Engineer: 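I am attaching a structure below and will ask some questions about it afterwards.
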Amino acid sequence: MYQKGRAWIELNMEHLKHNIRQFRRLLPAGCALMPAVKANAYGHGAALVSKALQEQGIKSFCVASAAEGIELRRAGISGEILVLGYTHPRQFGELAAYRLTQTVVDASYARELQQDGRYFTVHVGIDTGMHRLGERWDNLDEIVKIFQTPNLHVAGIYSHLCVSDMAGEKAQEYTLEQIHHFEYVAEELHRRGFHGFKCHLQGSYGILNYSELCFDYARAGIALYGILSGKSDQVNAAVELKPVLSLKARVESVKMLYQGESAGYGLTYSAERDRRIGILSIGYADGVPRNLSNRGLVLCNGKIAPVIGRICMDQMLVDLSGAGSVKAGDEAVLIGKSGELEIRAEDMAQWAGTISNEILSRMGERLERVAVN
Ligand SMILES: *Cc1c(COP(=O)(O)O)cnc(C)c1O
């Protein structure tokens, strides 16, 4: 077990490999995984995770920004790296220098790339109904013009589903419409003589709920890390995913809080009876949501320790009265297993009123990331 550090993330690489196998079994032959390793691989650590993925034979990755792509190149990632977001024209040189594949976010962006004078490999974003990035699916003439832009090598087109996580007829109809719009664009491009470009549409929920689709890539994010966005989410595919990340912190000090005393900023917690409390070396700057003050739970010694008082930037307080003989130097588990108990990222997200994607992607910079097994 890892014994240093004030607060850290443990990555279960066996679980990551397991999840990759589950997705490969689920996806049709010919559809390759293109993991989303943006936002520091959803907080897991982009370099560590991407190298592990590369060792498992993964050759395509997607990131949010050119800077994230550069980090992967510097970590030794050699395959295709697709930048899903906007890159400023002044950074176009970096796209070329680091062989990053840029998303064409709309037709006018293609003209900006052309004006730069350098040659770029791109995927064209197609807006099929989310109305975020991408040229509108029904502006076929504009899409064709992007394909005809002399300095662009269009290696792919892609779109993004916005309600594929939702059950219910309306959401399913909308998703089917998005799928049809996307297929229409691909077919029209083929009909007009453009060939050899890849097509991709599904993120995690697109894979898990519409696994019969057969595109060239599947951009798995959250589910590849072994968790779902929401605790009550149901998916169609029969997959067993295992969480990769555990979040742990040190118990810095253990002390008494006597009946009637209050603790922490604002003195928002008062002891109704004598309490044994622990001070943990982790806080909201590490990604623990501050709104878990007086409501979150952590695990210590295989027991539950409720969060008491306000979560601080670098520290937090927990009630150890029910946790047995915890002492300074022991570890506390904020996400992961302790004895028989487990707190999942989905639990923390639910307590904080958000989705696990946000919890994970906000894991702090200063947490050490350690691969176990
Ligand atoms: C983040 C992102 C993904 C991955 O989404 P998950 O739901 O985490 O699988 C896929 N595609 C695009 C365009 C994204 O922005």
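Here, residue 1 is the first one in the sequence, and each next residue gets the next number. Counting starts at 1 for both ligands and their atoms, following the listed order. Source: prediction; values computed, not measured.
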Engineer: Can a side-chain donor-acceptor contact be found between N209 and D165 if the only test is distance below 3.5 angstrom?
Structural biologist: no
Engineer: Just to confirm my output: which protein heavy-atom neighbour is closest to atom 5 (O) of ligand 1, and how far is it?
Structural biologist: Y42 OH, 3.5 Å
Engineer: Each residue besides Y258 in its hydrophobic cluster should be listed here, by chain and number; the cluster joins Ile, Leu, Val, Met, Phe, Trp and Tyr at side-chain heavy-atom distances under 4.5 Å.
Structural biologist: M256
Engineer: Is there a donor-acceptor contact under 3.5 Å linking the side chains of Y158 and T103?
Structural biologist: yes
Engineer: Would you say T149 and Q114 are linked by a side-chain donor-acceptor pair, where the criterion is simply a distance under 3.5 Å?
Structural biologist: no
Engineer: What atoms in ligand 1 come closer than 4.0 Å to a heavy atom of A36?
Structural biologist: 4 (C)
Engineer: Tell me: protein heavy atom nearest atom 12 (C) of ligand 1, and distance?
Structural biologist: H160 CE1, 3.4 Å
Engineer: Could you tell me whether the side chain of E331 and the main chain of R250 form a donor-acceptor pair under 3.5 Å?
Structural biologist: no
Engineer: Between R219 and ligand 1, which residue portion shows a heavy-atom distance shorter than 4.0 Å: side chain, backbone, both, or neither?
Structural biologist: both
Engineer: Roughly how far apart are I126 CD1 and D106 CG, rounded to 0.5 Å?
Structural biologist: 11.0 Å
Engineer: Measure the spacing between CG of N40 and CG of L48 and express it to the nearest 0.5 Å.
Structural biologist: 9.0 Å
Engineer: Side chain or backbone, does Y158 bring an N or O within less than 3.5 Å of an N or O on ligand 1?
Structural biologist: no
Engineer: At less than 4.0 angstrom from any non-hydrogen atom of R132, what atoms of ligand 1 do you find?
Structural biologist: 13 (C), 15 (O)
Engineer: Examine A223 against ligand 1 and note whether any of their N/O atoms are separated by less than 3.5 Å.
Structural biologist: no
Engineer: What residue and heavy atom of the protein are closest to atom 15 (O) of ligand 1, and at what distance?
Structural biologist: K38 NZ, 2.7 Å
Engineer: What's the separation between atom CD1 in I70 and atom CZ in R73, rounded to the nearest 0.5 Å?
Structural biologist: 10.5 Å
Engineer: Using a 4.0 Å heavy-atom cut-off, which part of S204 comes near ligand 1: side chain, backbone, both, or neither?
Structural biologist: both
Engineer: Hey, is M34 touching ligand 1 through its side chain, its backbone, both or neither, going by heavy atoms under 4.0 Å?
Structural biologist: neither
Engineer: Select one of side chain, backbone, both or neither to describe which atoms of I222 lie under 4.0 Å from any atom of ligand 1, heavy atoms only.
Structural biologist: both
